[in-house]
Amino acid sequence: MSESAAAAPALWRHPEFRRGAREMAGVALGISAWGVVAGVAMANSSLGTAWAIVMSLVVFSGTGQIASLPLLGTGAPLWVVWATVLCVNLRFVIFSLQWRPYWVHLPLRWRLTVAYFSADLNYFTFVRRFPRAEPAPEQWPYFWGGMVVNWGSWQLSSLIGIALARQLPMHWGLSFAGTTALLALTYTMVSDRNTWLAAAVAACAAVAAFAMPLRLNILVAIAAAVAVGVVLDHTMPKSTRKAVKGTA
Amino acid sequence: MSAWELVVIIAGMVAITLITRGFFFLPRAQLPMPAWLTEGLRYAPLAAMVAVVAPEIVMTQGHLIATWKDARLYGAAVATGWYFWRRDMFGTIVAGTAAMLSLRLTLGW
């Protein structure tokens, strides 16, 4: 694995690299609307343009950046800022459990690389492409293809937001493009009755728990959907569902 | 806020992002995990996406919207229709956003 990474040109030319880039490009286009919004928020914060650019380039975590901005403005203590970033990032802890079988055999420096760049979109597209939780040689180029596109489009769009903060018509609600992109990605993941039900439960839980601070409603929604999914898989697994139909 | 404070804050944010994203695969040691949980996690990405999308469509300022005159509802409906008609990501984004924008800019919804 480290040999293939060392031979970077081979990685670029791998067909899975192109596939990862292509599958990321569609959704990254929509999410760059959120990148612009994040950039505008950073430019309008007390941070100042120069530090906004530094933060955008170094901290590759949109929700973490946006959550920390109002706190930096009010001069909140260091630990409050960090605790906030930790809370809005807690969903990644759940994602990392599912990432584990794919990456745990890699050397530490590549595991750190994956950890740094594995934003939500990388996770969503990757587990859709590789639903079986076992390592395969195509995974590394696929991850890199998606990562390059996602990192590049996020950075470009938030820099555009920082640069054009005063010129953009933010009241139009153009960030809706990000919502439609995630909506389309959601539809690619619902395949059978159990996934539809889990998605419906997650939607209700996220709306009902919206008042929770620090976007913890996302964790509530994940917990509810996983719980419902486990129960459905055990009471109505695919194979026995057919059998039930046959006997009825 | 001084430059040094900002450097420390940003470095801490990078460290927190790294640790949370790599929490279960940065350490090599196997953590005991029940099989039903690892299987159930296949619902996690779907749930996380829905949890971000649903409030973006049906909530304003932290409250469920109480009107049908909201451009986002029709934008989401058009995006949904386009996706199941063409199965195409790019078209879904453009059609949904265009529908939302046209209602917002003409009717002010």
Side-chain angles (χ1 to χ4, degrees), chain A residues 26-27 29-30 51 54-55 58-59 61 64 68 72 78 81-82 85-86 89-94 96-100 103-104 111-112 115-116 118 123-124 127 172-173 176-177 179-187 189 195 198-199 202-203 206-207 210-211 217-218 221-222 225-226 229-230, chain B residues 1 3 5-6 8-10 12-14 16-26 28 33 36-59 62 64 71-72 75-76 79-80 83-84 88-90 92-97 100-101 104-105:
Chain A
V27 66
L29 172 90
W51 282 105
V54 171
M55 191 192 254
V58 177
V59 186
S61 165
S68 67
L72 293 174
L78 203 60
V81 179
W82 286 343
V85 175
L86 178 69
N89 274 346
L90 278 178
R91 67 185 185 287
F92 290 126
V93 175
I94 301 173
S96 78
L97 185 57
Q98 216 180 0
W99 276 123
R100 180 182 162 88
W103 306 129
V104 74
R111 298 209 301 285
L112 282 167
Y116 183 79
S118 56
Y123 170 71
F124 298 153
V127 297
W172 285 7
F176 191 72
T179 309
T180 55
L182 274 200
L183 193 62
L185 195 54
T186 304
Y187 291 141
M189 283 183 151
T195 44
V207 171
F210 195 79
N217 65 321
I218 296 177
I222 293 174
V226 169
V230 167
Chain B
M1 205 168 284
E5 277 178 290
L6 281 169
V8 171
I9 285 179
I10 289 174
M13 287 169 71
V14 171
I16 291 165
T17 306
L18 266 180
I19 291 166
T20 50
R21 284 186 182 159
F23 193 84
F24 282 109
F25 65 79
L26 285 179
R28 270 266 161 79
M33 207 58 69
W36 62 264
L37 181 60
T38 38
E39 276 168 39
L41 280 175
R42 74 185 182 91
Y43 293 99
L46 176 63
M49 275 190 290
V50 170
V52 173
V53 170
E56 291 277 342
I57 295 172
V58 301
M59 297 183 89
L64 206 58
R72 293 171 302 169
T80 302
Y83 177 80
F84 287 104
D88 146 48
M89 178 79 69
F90 180 76
T92 303
I93 297 170
V94 173
T97 309
M100 186 283 296
L101 266 187
R104 182 155 292 174
L105 297 181

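- In this structure, CD1 on A:Ile218 lies 10.5 Å from CG on A:Leu90, to the nearest 0.5 angstrom.
- Of the residues considered (B:Ala79, B:Ala44, B:Pro45), B:Pro45 shows the highest number of contacts with chain A, using heavy-atom pairs under 4.5 Å.
- Taking chain B as the reference chain and counting heavy-atom pairs below 4.5 Å, the highest number among A:Ala211, A:Gly30, A:Ala177, A:Ser68 is found for A:Ala177.
- For the atom pair CH2 of A:Trp103 and OG of A:Ser96, the computed distance is 13.5 Å after rounding to the nearest 0.5 Å.
- Interface summary for chain A: among B:Val50, B:Thr17, B:Ile93, the most heavy-atom pairs under 4.5 angstrom belong to B:Ile93.
- Of the listed residues (A:Ala225, A:Ala184, A:Ala198, A:Gly173), the one with the most heavy-atom contacts under 4.5 Å to chain B is A:Ala184.
- Contact of B:Leu101 with chain A is made through the side chain alone, with heavy-atom distances under 4.5 Å.
- How far CD of B:Glu56 is from CG of A:Leu182: 8.5 Å, rounded to the nearest 0.5 Å.
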query = Given the rule in the ring pair (Phe, Tyr, Trp, His ring centres under 6.0 Å) test, do B:Phe23 and A:Phe92 qualify, once you have shown the distances and angles that lead to the verdict?
reply = CA-CA 8 Å; B:Phe23 193 84; A:Phe92 290 126; over 10 Å; no

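- Counting heavy-atom pairs closer than 4.5 Å to chain A, the top residue among B:Ala71, B:Pro55, B:Gly62, B:Gly96 is B:Pro55.
- Your options are A:Leu86, A:Asn217, A:Asn89, and the one with the most heavy-atom pairs under 4.5 Å with chain B is A:Asn89.
- In this structure, the portions of A:Val58 lying under 4.5 Å from any heavy atom of chain B include both its backbone and its side chain.
- Residues A:Val226 and A:Val230 form a side-chain contact, since some pair of their non-hydrogen atoms from C-beta on lies under 4.5 Å apart.
- A distance of 8.0 Å separates OG1 in A:Thr186 from CZ in A:Phe124, rounded to the nearest 0.5 Å.
- Heavy-atom distances place the side chain of B:Leu105, and not its backbone, under 4.5 Å from chain A.
- Note: A:Ala115 leads A:Ala115, A:Ala221, A:Ala202 in heavy-atom pairs under 4.5 Å with chain B.
- For the atom pair CE (A:Met189) and CE (B:Met49), the distance works out to 4.0 Å, reported to the nearest 0.5 Å.
- At a threshold of 4.5 Å between non-hydrogen side-chain atoms, the residues B:Met89 and A:Leu185 count as touching.
- Comparing A:Leu72, A:Leu97, A:Val54, A:Ile222 by how many heavy-atom pairs each has under 4.5 Å with chain B, the most go to A:Leu97.
- With a threshold of 4.5 angstrom between heavy atoms, B:Val94 does not approach chain A through any atom at all.
- With a 4.5 angstrom heavy-atom cutoff, A:Val85 touches chain B via backbone and side-chain atoms both.
- Counting heavy-atom neighbours within 6.0 Å of B:Phe90 CZ, excluding the residue itself, gives a total of 12 or less.
- Using modelled atom types, one side-chain atom of A:Trp82 and one backbone atom of B:Ile9 make a donor-acceptor pair closer than 3.5 Å.
- The residue among A:Tyr187, A:Phe210, A:Tyr116 with the most heavy atom pairs within less than 4.5 Å of chain B is A:Tyr187.
- Contacts between B:Met13 and chain A at a heavy-atom distance below 4.5 Å involve backbone atoms as well as side-chain atoms.
- In this structure, the portion of B:Arg104 lying under 4.5 Å from any heavy atom of chain A is its side chain and not its backbone.
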